[in-house]
Amino acid sequence: MQKESGDTSNKRLQVDYLRHDVALADNEQFNSPKNAILYFVNNILEKSEIQKLSSRISLFLPIAYGVGAYCGFEYLNIIPTYISAFISLIFLTTLFVLRNGNFTRILQFILVFVLGIFVSAIRLELVSTNTIHQNIKIKELSGIVVDYDRNYDELPRLTLKPDKIDGLDNDNFPQKVRINLVNEGDFRIGQKIKCTQGFLTPPTGKFLPNSYNFARKMWFKKIGAIGNCKQIIIIDEGSNALGKFDYFLIKLRKNASEEISQGKIGGGYGLLTALVTGDRAYISYPETQVMQISGLGHIISISGLHVALVGGIAFFLMSKILSLFENIALRVDVRKVAAGISILVSLIYVVFTGAESPAVRAFFMSLVVLGAVIFDRRAINMRGLAVAAFFIITFVPESVFDTGFLMSFLATMALIALWDAINVRKFYKDIHPVSKIMVWFVGSLLVSLVAGLATAPLVLNNFGRINQYSVIANMLAAPINDFIIGPFALLASFTSLLGIAKPFWVIAAWGCELLIKISQFIAKLPFADSQFNRLNNLSTIIYVISITCLCLLNSKIRYISFVGFVIGTILWWYQPTPVLLIAKNGVAVMAVENEYYGRNRLCYIKGGGFYARQMISYAALNKDERDIMANIVDKKYINSCSLRGGDWEAHYIKFKGSEPLLSLTYDKRSYGFNTENAPNGAILYRYGWQLQLDQPKASNTPWGK
């Protein structure tokens, strides 16, 4: 016994000495920055961490798929569909043969990249929209009304399926046209109308480099011309040329919109109409603006929030109702039945609201989540998110251009990572029922904060704005949306057939009115309407990659993401400053560098007023400056207008018998801008003391020609 006791004490002593040596070794690792970095890298790259990385690498496959679709649309659109299909087949065969080889993972990424190109090629062939290539003065335009809404001036706007456009040959005949009207009228889906005075123009592309591409959106909607119409004649009140199902569905949606909104624009009923039917024609423009400034703009369009709310409420109600019936509850899993009914309700809601891209994306997300319930899988996880991404890119591949698509996935990915990190389900189950209310509010705050941080790079890149108070606004809006608007709007929808829906509509509209008041209050807070210089593309890509790696990876390797955040911040800090904005075709120019320009910061010629307004919104100006510039747009600056900086000058030159030419001079060189050489506009940047012009070339895409 004494011998065994002595051996045990010796072993303990050896362990103590070993621990002491390890501690000394650890301290020596941090004697210098070099040793500290090597020690950190050694811990990250240990075998167990590499194995964790290998188990999660497949989550990045949807990213390769989306990049392939983007490249297929933007750069490789000349590749025929059968060529991309043949290349995909080659890589698929190679992957099958070498499925157990060392290059399997690389082949998987190459395969999904090529498949992305393939789905983009199929989509291009399916859409194949004709677009007019020059302005057309309307002598006679007739067609069937397939949709109607309102523009920013709150005037009617019709989408037509034309059957005659005087002066346009059949080769360039667009499938749809969209016209703005100058007067109110009693318009209905299916009416055949004729316009005898107005004009049509091609859909406008980018008015500045990296700005929003309106022409691309119109191309995928098969709208090949936009314009104005001053005189409308209704030929036929009820044409069935749309097809019975289309006519019935669109007419049903419009009738519901008119019933809910009571024919009035603005207020709670207008917002409620947008939430229930997807029809945003009854929301006033000022209300739209304050909701965007406050950070509640995502509520207006049918997206993940609404589809999840409808599906979630349907799932909750059906599971509770079915549980009340003993014969059903004992024989079947009521959760699976409720999930199936919830999928059906969500599908009906998406189709009824017009099946816009955000709603379709949200439905695929909910389909994966509810499908996991049916097949006894974990409902909320990263793999489900990856599957949803594959579904969406396959069926709506143009979503890769949509900022909303990228933002929704970044936000969802960050929230799932948060869910996994704090084990919300176990934590929420173990606390006192009274404390759950406080936890719900804290959770709403945390969700808004995490989602806002995850999407901030894209918001800064695309909109040049950060909603400083969006966390507060969303925390205030969440209980109203979840407990008032959602449930009562759903009850009203189901009871409308029985004629007893009016009280529920009133309560839901009251909730919408509260949301508008919250938005108006938040929008008036100091610095709520501040704008910033837009985040450059390189910093945005680095930030997005870093956020993705931090959320998707589950090993220590993900901490390398913080290096990306540092690099992105440095590039952002030292990014060039825009000096001069030059609109598409050189029809408008605006100085943005310094404040000493005063009111003489903007010039535009005939046809440039629209682009001038767009540049005012694009530039990083405060609210007072934007208001002053908006008033200037009503004046004309052509021959007499000249803008000057310390080392540059811009002015219009008027030639006899031709349109004015914008001339820009800097670094002892002169540049001219007109319809020939400024298809996407230009921006003059300042890099330190040097000036550099960003003037992208015309695109080869179908919507950029």
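Please read these numbers as outputs of a predicted model, since none were measured by experiment.
- Crowding of E259 atom CD: a count of heavy atoms from other residues, nucleotides or ligands under 6.0 Å not exceeding 12.
- A distance of 12.0 Å separates CD1 in I547 from CD1 in I542, rounded to the nearest 0.5 Å.
- Here the closest heavy-atom approach between residue G384 and residue V368 is recorded as O-CG1, 3.3 Å.
- Looking at R56, its side chain does come within 3.5 Å of a backbone N or O of L552 through a donor-acceptor pair.
- At a threshold of 4.5 Å between non-hydrogen side-chain atoms, the residues I522 and I293 do not count as touching.
- Once rounded to the nearest 0.5 Å, the distance linking CG of L460 with OG1 of T455 reads 10.0 Å.
- The closest side-chain heavy-atom distance from I343 to F363 is below 4.5 Å.
- For the pair L410 and T548, the minimum side-chain heavy-atom distance is below 4.5 Å.
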| request: Tell me, with the steps shown, if L370 and I374 meet side chain to side chain contact (heavy atoms under 4.5 Å, CB included). | output: CA-CA 6 Å; L370 295 170; I374 294 173; 5.5 Å; no
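- For F390 and Y65, the ring centers sit closer than 6.0 Å to each other.
- When every heavy atom of I260 is checked against every heavy atom of V276, the shortest pair comes out as CD1-CG1, 3.8 Å.
- Closest heavy-atom contact between G568 and S539: O-OG, 3.2 Å.
- In this structure, the separation between CG on L458 and CZ on F405 is 11.5 Å, given to the nearest 0.5 Å.
- For the atom pair W505 CH2 and T273 OG1, the distance stands at 8.0 Å (nearest 0.5 Å).
- Atom CZ of F316 has 12 or fewer neighbouring heavy atoms from other residues, nucleotides or ligands inside a 6.0 Å radius.
- D402 and S399 share no side-chain donor-acceptor pair at under 3.5 Å.
- Between F401 and N213 there is no side-chain heavy-atom pair separated by less than 4.5 Å.
- Around the CZ atom of F391, the shell of radius 6.0 Å holds no more than 12 heavy atoms that belong to other residues, nucleotides or ligands.
- Among all heavy-atom pairs drawn from A451 and A411, the shortest one is CB-CB, 4.0 Å.
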| task | Before giving the answer on side chain to side chain contact (heavy atoms under 4.5 Å, CB included), spell out for M291 and L271 the whole-Å C-alpha distance, their side-chain angles and the decisive distance to 0.1 Å. | result | CA-CA 11 Å; M291 293 195 75; L271 178 57; 4.2 Å; yes
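- At least one side-chain heavy atom of R178 sits less than 4.5 Å from a side-chain heavy atom of M218.
- Applying the ring pair (Phe, Tyr, Trp, His ring centres under 6.0 Å) test to F315 and every residue at least two apart in sequence or in another chain returns nothing.
- Residues G267 and E287 come closest through the heavy atom pair N-OE2, 2.8 Å.
- At a threshold of 4.5 Å between non-hydrogen side-chain atoms, the residues I416 and C551 do not count as touching.
- Remark: side-chain polar atoms of N461 are paired, donor with acceptor, to backbone N or O of L535 under 3.5 angstrom.
- Between the CH2 atom of W510 and the CD1 atom of I484 there is a distance of 4.5 Å, given to the nearest 0.5 Å.
- The closest donor-acceptor contact from the side chain of Q614 to the backbone of F207 lies at 3.5 Å or more, if one exists at all.
- Taking the centre of each ring, F220 and F73 come in below the 6.0 Å mark.
- Looking only at atom types and distance, the side chain of N474 has no donor-acceptor partner in the side chain of S448 under 3.5 Å away.
- Counting heavy atoms from C-beta outward, I480 and I518 have side chains that approach closer than 4.5 Å.
- Both tests pass for R534 against the ring of Y618: distance under 6.0 Å to the centre and angle within 45° of the axis.
- With sequence neighbours left out, the ring pair (Phe, Tyr, Trp, His ring centres under 6.0 Å) criterion links F565 to F562.
- At least one side-chain heavy atom of F60 sits less than 4.5 Å from a side-chain heavy atom of L553.
- Here the shortest heavy-atom pairing between S257 and T277 reads OG-OG1, 2.9 Å.
- Expressed to the nearest 0.5 Å, how far CG of L515 lies from CG of L296 amounts to 6.5 Å.
- Of the listed residues (T569, I570, V563), just one forms a side chain to side chain contact (heavy atoms under 4.5 Å, CB included) with I567, and that residue is V563.
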